[in-house]
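So the structure is just underneath, and the comments pick up after that.
Atoms within each ligand, like the ligands themselves, are counted from 1 in listed order. All figures in this text were calculated on a predicted structure; none of them were measured in a lab. Computed over heavy atoms, backbone and side chain alike; hydrogens, waters and symmetry mates excluded.
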Amino acid sequence: MKPIVVVGSINMDLVSRTERIPHAGETILGADFQLHSGGKGANQAAAVARIGHPSILLGATGNDIFGEQLRRTLAGYGVQTEHIASVPGASGTASIVVDARGENTIIVTPGANLAVTQEYLQGKIDVLRGAGMVLVQLEIPIETVAWLVECCDKMGVPVMLDPAPACKLPEALLAKLTWFTPNETEAGFYADGAENADEALSRLFAFGMEHVILKQSSKGALIASHSGERCYADAFKVDAVDSTAAGDAFNGAFAVALMRGMSVHESARFAAAAAAISVTRAGAQPSLATEEETQAFLSVHTDMHSLRQNPSF
Ligand code: RIB
């Protein structure tokens, strides 16, 4: 079984829970503070490993108090961490505020994630070549992402890009993606001016990418292919505690399901379940579901989830 290789950020999440998100210039009191292992790259690698698929993370931590702890936690989830670089200076951090509805705001300070350069990845070519799929996000330098996508395209390795946080990307990069997985805010950024999901999809497909997953948080996800296939996975209804890393849980689980040969619509249902479980728990990596938990969830939530599908997809 080929591993899924994730190239991305590793952050320590500094999480304050508050009744509501403060306005600019306002000080409010928080109810609780916790440190959790996070970072979109690390979360996706942990999501893959928790479901039981071989997961290799390429990234960097600092030589500060968080670096060793972040690697240890990832290894504990089953992620292969031996390729992670340790660089002088601070590890990546994310200052997160979670409100009473489980919604969050996040500020990422990249720190060591900026050391995930093309030169670093050039030393990991064999790892990339052996990947069944590569998952990447935008919390590492954009030039690195562009080089990675080009390199995977040449080697015939499919790439799933989670465009978070949204920023301008070279069109040549977007054209080579197998999967592009924006949430609603990010889709609005890349499909500027689109009035609805159909319009957003046609603008995104004009870039040349193969598949788009439009993640619509508590509503669900629309999965579409360049050749016109569509399916929609409604989100499972759960009591939300913390939505942090729900998108990462979805991407990791979706990639594993595809690698196992499940159809796109079955993969979307599996991923929606993994994401729903993560929303019911606090923190990024601590919230990620195992295979057993995801299957158990699916077996009791059959009637609460509708999957509208194109039968061929
Ligand atoms: O997707 C959630 C993640 O975004 C958090 O863990 C935080 O570190 C930021 O990268």
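- Inclusion of Asn11 in the set of residues having an N or O under 3.5 Å from an N or O of ligand 1 is warranted.
- Hydrophobic clustering keeps Tyr77 apart from Val7 (ILVMFWY residues linked when any side-chain heavy atoms are closer than 4.5 Å, directly or through intermediates).
- Atom numbering of ligand 1 starts at 1 in the shown order; those under 4.0 Å from a heavy atom of Ala94 are 7 (C), 8 (O).
- Taking the six-membered ring for Trp and the full ring otherwise, Phe180 and Phe207 have centroids separated by 6.0 Å or more.
- Close approach of ligand 1 to Ala284 (heavy-atom distance below 4.0 Å) involves ligand atoms 6 (O).
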TODO: Tell me, with the steps shown, if Ser86 and Asn63 meet side chain to side chain donor-acceptor pair (under 3.5 Å).
DONE: CA-CA 6 Å; Ser86 175; Asn63 62 353; over 6 Å; no

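- For atom 8 (O) of ligand 1, the closest heavy atom belonging to the protein is Asp13 OD1, 2.6 Å.
- Taking the six-membered ring for Trp and thresholds of 30 and 60 degrees, Phe297 and Phe236 have ring planes more than 60 degrees apart, a perpendicular arrangement.
- With rounding to the nearest 0.5 Å, the separation of CE in Met12 from NE2 in His36 is 10.0 Å.
- Side chains of Ser227 and Ser225: a donor on one and an acceptor on the other come within 3.5 Å.
- Residue contacts with ligand 1: Gly39 is included, with a non-hydrogen atom under 4.0 Å away.
- Within 6.0 Å of CD in Glu119 there are more than 12 heavy atoms belonging to other residues, nucleotides or ligands.
- Closest to atom 1 (O) of ligand 1 among all protein heavy atoms lies Asp248 OD2, 2.7 Å.
- Of the protein's non-hydrogen atoms, the one nearest atom 4 (O) of ligand 1 is Lys40 NZ, 3.0 Å.
- Contacts of His36 with ligand 1, taken as heavy-atom pairs under 4.0 Å, are absent altogether.
- Looking only at protein heavy atoms, the nearest one to atom 9 (C) of ligand 1 is Glu139 OE2, 3.5 Å.
- Close approach of ligand 1 to Val108 is summarised as follows: ligand atoms under 4.0 Å from at least one heavy atom of the residue are 9 (C), 10 (O).
- Applying the side chain to side chain donor-acceptor pair (under 3.5 Å) test between Thr61 and each of Gln69, Arg71, Glu68 identifies Arg71 as the sole match.
- The contact set between ligand 1 and Gly38, taken as ligand atoms under 4.0 Å from a residue heavy atom, comprises 6 (O), 8 (O).
- Among the atoms of Asn43, some N or O lies under 3.5 angstrom from an N or O of ligand 1.
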